[in-house]
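Okay, structure first, notes after.
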Amino acid sequence: GSGQAAGGSGTVSTFLGITSAGGGGGGSGCSPNAGQNGGSGGGGAASFPPGAYQKGCGNTPPVSPPQGNPGGSGYDGVSTNSSAGGGGGAIGEGNDARGPGQGTNSGGPGGAGAGIPTAFGANGQPCGSFRYYAGGGAGGQDSSPGAPNKAAGGIGGGGCGGTPANAATAGTANTGGGGGSGADSGCVSGAGGSGIVIIRYKFQ
(Lines give C-alpha, C1' and ligand atoms only; values in the text may rest on other atoms or scores of the structure.)
Protein backbone atom coordinates (compact mmCIF):
# COMPACT_ATOMS: atom_id res chain seq x y z
CA GLY A 1 0.00 0.00 0.00
CA SER A 2 0.95 3.65 -0.18
CA GLY A 3 3.45 5.07 2.25
CA GLN A 4 5.66 1.99 2.52
CA ALA A 5 9.33 2.49 1.73
CA ALA A 6 11.22 0.32 -0.69
CA GLY A 7 13.85 -2.03 0.72
CA GLY A 8 17.41 -0.75 0.56
CA SER A 9 19.89 -2.60 -1.63
CA GLY A 10 22.96 -4.20 -0.08
CA THR A 11 26.39 -2.66 -0.41
CA VAL A 12 29.29 -4.11 -2.39
CA SER A 13 31.66 -6.44 -0.51
CA THR A 14 35.34 -6.91 -1.42
CA PHE A 15 37.75 -9.56 -0.09
CA LEU A 16 41.20 -10.46 -1.45
CA GLY A 17 40.40 -8.71 -4.70
CA ILE A 18 37.06 -10.49 -5.14
CA THR A 19 34.06 -8.15 -5.39
CA SER A 20 30.47 -9.24 -4.75
CA ALA A 21 27.49 -7.02 -5.44
CA GLY A 22 24.88 -6.53 -2.72
CA GLY A 23 21.37 -7.85 -3.18
CA GLY A 24 18.70 -5.68 -4.75
CA GLY A 25 16.08 -4.10 -2.49
CA GLY A 26 12.45 -5.17 -2.74
CA GLY A 27 9.81 -3.01 -4.37
CA SER A 28 7.55 -0.69 -2.41
CA GLY A 29 3.85 0.03 -2.11
CA CYS A 30 4.67 3.49 -3.43
CA SER A 31 7.35 4.33 -5.98
CA PRO A 32 9.52 2.46 -6.83
CA ASN A 33 7.18 -0.52 -7.21
CA ALA A 34 9.73 -2.68 -8.98
CA GLY A 35 12.34 -4.81 -7.24
CA GLN A 36 15.84 -3.40 -7.54
CA ASN A 37 18.73 -4.95 -9.44
CA GLY A 38 21.72 -6.46 -7.64
CA GLY A 39 23.78 -9.59 -7.11
CA SER A 40 20.36 -11.18 -6.69
CA GLY A 41 17.30 -9.15 -7.63
CA GLY A 42 14.62 -7.93 -5.24
CA GLY A 43 10.99 -9.03 -5.54
CA GLY A 44 8.39 -6.77 -7.07
CA ALA A 45 5.86 -5.05 -4.80
CA ALA A 46 2.14 -5.46 -4.41
CA SER A 47 0.91 -2.02 -5.30
CA PHE A 48 -2.27 -0.38 -6.59
CA PRO A 49 -3.46 -0.09 -9.38
CA PRO A 50 -4.01 -3.79 -10.08
CA GLY A 51 -1.43 -5.56 -12.18
CA ALA A 52 1.93 -7.28 -12.08
CA TYR A 53 4.93 -5.40 -10.76
CA GLN A 54 8.40 -5.82 -12.12
CA LYS A 55 11.06 -7.97 -10.52
CA GLY A 56 14.67 -6.91 -10.06
CA CYS A 57 17.40 -8.43 -12.22
CA GLY A 58 20.19 -10.55 -10.74
CA ASN A 59 23.90 -10.75 -11.60
CA THR A 60 24.09 -6.96 -11.88
CA PRO A 61 26.74 -5.86 -12.75
CA PRO A 62 27.30 -9.06 -14.79
CA VAL A 63 30.15 -11.42 -13.92
CA SER A 64 31.02 -15.01 -14.82
CA PRO A 65 30.08 -17.29 -13.18
CA PRO A 66 26.91 -15.36 -12.27
CA GLN A 67 26.56 -14.30 -8.65
CA GLY A 68 22.80 -14.34 -8.31
CA ASN A 69 19.35 -14.55 -9.88
CA PRO A 70 16.34 -12.30 -10.50
CA GLY A 71 13.53 -11.83 -8.02
CA GLY A 72 9.88 -12.66 -8.63
CA SER A 73 7.12 -10.33 -9.84
CA GLY A 74 4.63 -8.87 -7.37
CA TYR A 75 0.88 -8.87 -7.93
CA ASP A 76 -1.97 -6.64 -6.87
CA GLY A 77 -5.61 -7.49 -7.52
CA VAL A 78 -8.18 -5.51 -5.57
CA SER A 79 -8.24 -4.84 -1.85
CA THR A 80 -6.64 -7.83 -0.07
CA ASN A 81 -5.52 -9.73 -3.19
CA SER A 82 -2.03 -8.27 -3.01
CA SER A 83 1.24 -10.12 -2.64
CA ALA A 84 4.92 -9.47 -3.28
CA GLY A 85 7.40 -11.53 -5.28
CA GLY A 86 10.22 -13.45 -3.62
CA GLY A 87 13.83 -12.33 -3.76
CA GLY A 88 16.37 -14.13 -5.92
CA GLY A 89 18.80 -16.61 -4.41
CA ALA A 90 22.34 -17.65 -5.30
CA ILE A 91 21.22 -20.45 -7.65
CA GLY A 92 17.45 -20.03 -7.94
CA GLU A 93 15.12 -17.26 -9.11
CA GLY A 94 12.61 -15.72 -6.75
CA ASN A 95 9.06 -16.94 -7.37
CA ASP A 96 6.26 -14.72 -8.65
CA ALA A 97 3.39 -13.86 -6.32
CA ARG A 98 0.17 -15.74 -7.03
CA GLY A 99 -2.94 -13.76 -7.83
CA PRO A 100 -6.64 -14.56 -8.36
CA GLY A 101 -7.15 -17.38 -10.84
CA GLN A 102 -3.77 -18.90 -9.95
CA GLY A 103 -4.87 -20.85 -6.89
CA THR A 104 -4.45 -19.56 -3.35
CA ASN A 105 -3.25 -15.96 -3.23
CA SER A 106 0.22 -15.92 -1.74
CA GLY A 107 3.54 -14.15 -1.76
CA GLY A 108 6.34 -15.63 -3.84
CA PRO A 109 8.79 -17.99 -2.09
CA GLY A 110 12.43 -16.94 -2.15
CA GLY A 111 14.96 -18.40 -4.57
CA ALA A 112 17.28 -21.21 -3.48
CA GLY A 113 20.73 -20.52 -2.15
CA ALA A 114 23.96 -22.32 -3.00
CA GLY A 115 25.12 -25.49 -1.25
CA ILE A 116 28.73 -25.58 -0.04
CA PRO A 117 30.28 -28.93 1.01
CA THR A 118 31.61 -29.07 4.57
CA ALA A 119 34.61 -31.26 3.67
CA PHE A 120 36.64 -32.54 0.74
CA GLY A 121 38.26 -35.91 0.25
CA ALA A 122 41.90 -36.64 -0.62
CA ASN A 123 40.96 -36.56 -4.32
CA GLY A 124 39.54 -33.07 -3.95
CA GLN A 125 35.95 -34.22 -4.35
CA PRO A 126 33.31 -32.95 -1.90
CA CYS A 127 32.21 -35.31 0.84
CA GLY A 128 30.02 -35.08 3.91
CA SER A 129 27.06 -32.74 4.24
CA PHE A 130 26.31 -29.43 2.54
CA ARG A 131 25.49 -26.08 4.07
CA TYR A 132 23.40 -23.60 2.15
CA TYR A 133 23.91 -19.86 1.83
CA ALA A 134 22.37 -16.80 0.18
CA GLY A 135 18.72 -17.89 -0.03
CA GLY A 136 16.20 -15.30 -1.16
CA GLY A 137 13.66 -13.72 1.18
CA ALA A 138 9.98 -14.51 0.59
CA GLY A 139 7.30 -12.05 -0.47
CA GLY A 140 4.65 -10.85 1.98
CA GLN A 141 0.92 -11.23 1.39
CA ASP A 142 -2.39 -9.73 2.42
CA SER A 143 -4.82 -12.26 1.04
CA SER A 144 -5.08 -15.09 3.58
CA PRO A 145 -3.92 -14.45 7.14
CA GLY A 146 -2.37 -17.30 9.07
CA ALA A 147 0.91 -19.12 9.43
CA PRO A 148 0.13 -21.93 6.95
CA ASN A 149 0.02 -19.41 4.13
CA LYS A 150 3.30 -17.67 4.85
CA ALA A 151 5.58 -17.85 1.84
CA ALA A 152 8.82 -19.68 2.61
CA GLY A 153 12.27 -18.19 2.27
CA GLY A 154 14.74 -19.90 -0.04
CA ILE A 155 16.98 -22.61 1.39
CA GLY A 156 20.13 -20.94 2.59
CA GLY A 157 18.75 -18.65 5.26
CA GLY A 158 16.00 -16.76 3.42
CA GLY A 159 13.35 -15.24 5.70
CA CYS A 160 9.63 -16.05 5.48
CA GLY A 161 7.17 -13.48 4.18
CA GLY A 162 4.73 -11.72 6.48
CA THR A 163 0.92 -11.89 6.57
CA PRO A 164 -1.54 -9.61 8.37
CA ALA A 165 -1.45 -12.01 11.32
CA ASN A 166 2.24 -12.92 11.28
CA ALA A 167 5.42 -10.89 11.10
CA ALA A 168 8.03 -11.46 8.42
CA THR A 169 11.25 -13.09 9.56
CA ALA A 170 14.85 -12.02 9.10
CA GLY A 171 17.45 -13.84 7.06
CA THR A 172 19.56 -16.25 9.09
CA ALA A 173 22.79 -14.79 10.49
CA ASN A 174 26.06 -15.79 8.79
CA THR A 175 24.31 -17.03 5.65
CA GLY A 176 23.72 -13.89 3.60
CA GLY A 177 20.05 -14.90 3.37
CA GLY A 178 17.49 -12.24 2.44
CA GLY A 179 14.83 -11.02 4.86
CA GLY A 180 11.15 -11.67 4.19
CA SER A 181 8.89 -8.80 3.16
CA GLY A 182 6.07 -7.58 5.35
CA ALA A 183 2.34 -7.60 4.65
CA ASP A 184 0.58 -4.51 3.33
CA SER A 185 -1.23 -3.93 6.62
CA GLY A 186 1.93 -2.56 8.25
CA CYS A 187 3.86 -5.71 9.10
CA VAL A 188 7.55 -4.81 9.21
CA SER A 189 9.90 -6.57 6.80
CA GLY A 190 12.72 -8.78 8.06
CA ALA A 191 16.36 -7.74 7.89
CA GLY A 192 18.86 -9.58 5.73
CA GLY A 193 21.16 -12.06 7.43
CA SER A 194 24.81 -11.17 7.95
CA GLY A 195 27.21 -12.57 5.38
CA ILE A 196 30.14 -14.94 5.69
CA VAL A 197 33.49 -15.53 3.99
CA ILE A 198 34.40 -19.20 3.41
CA ILE A 199 38.00 -20.11 2.53
CA ARG A 200 38.88 -23.54 1.20
CA TYR A 201 42.41 -24.71 1.97
CA LYS A 202 44.39 -27.96 1.87
CA PHE A 203 45.56 -29.21 5.25
CA GLN A 204 49.31 -29.87 5.31
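Predicted model only: the values in this text are computed from it and were never measured. Numbering starts at 1 and runs along the sequence shown.
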Original post:
Between Q67 and A21, is there a donor-acceptor pair closer than 3.5 Å when you use the side chain of the first and the backbone of the second?
Top reply: yes
**OP:** Measure from the side-chain N and O atoms of N59 to the backbone N and O of G68, and report whether any donor-acceptor pair falls under 3.5 Å.
**Re:** no
**OP:** State, to 0.1 Å, how close N69 and I91 come at their nearest heavy-atom pair, and which atoms those are.
**Re:** ND2-C, 3.2 Å
Original post:
Which atoms form the tightest heavy-atom contact between A138 and G153, and what is the distance?
Top reply: CB-N, 3.9 Å
**OP:** Verify, without hydrogens or angle tests, whether S40 (side chain) and G89 (backbone) share a donor-acceptor contact under 3.5 angstrom.
**Re:** yes
Original post:
Mind checking what makes side-chain contact (heavy atoms from CB on, under 4.5 Å) contact with A167, not counting sequence neighbours?
Top reply: C187
Subject >> Side chain S194, main chain A173, donor-acceptor under 3.5 Å >> reply: no
Subject >> Any side-chain heavy-atom pair of Y75 and D96 under 4.5 Å >> reply: no
Original post:
CZ/R131 to CG/N174 distance, rounded to the nearest 0.5 angstrom?
Top reply: 10.5 Å
Original post:
Are any side-chain N or O atoms of N95 and backbone N or O atoms of G86, one a donor and one an acceptor, separated by less than 3.5 Å?
Top reply: no
Subject >> CD on Q141 to OG1 on T163, rounded to 0.5 Å >> reply: 6.0 Å
Original post:
Is there a donor-acceptor pair closer than 3.5 Å between any side-chain N or O of T169 and the backbone N or O of C160?
Top reply: yes
**OP:** Check for a donor-acceptor pair, side chain of T172 on one end and backbone N or O of T175 on the other, with a separation under 3.5 Å.
**Re:** no
Original post:
Should Y133 and F130 be regarded as members of a common hydrophobic cluster, given that ILVMFWY residues are connected when their side-chain heavy atoms come within less than 4.5 Å of each other, either directly or indirectly?
Top reply: no
Subject >> Shortest non-hydrogen contact from A84 toward A97 >> reply: O-CB, 3.7 Å
Original post:
Can you name the nearest heavy-atom pair linking A151 to P109, along with the distance?
Top reply: CB-N, 4.2 Å
Subject >> Interatomic spacing from CD in E93 to NZ in K55 - rounded to 0.5 Å >> reply: 5.5 Å
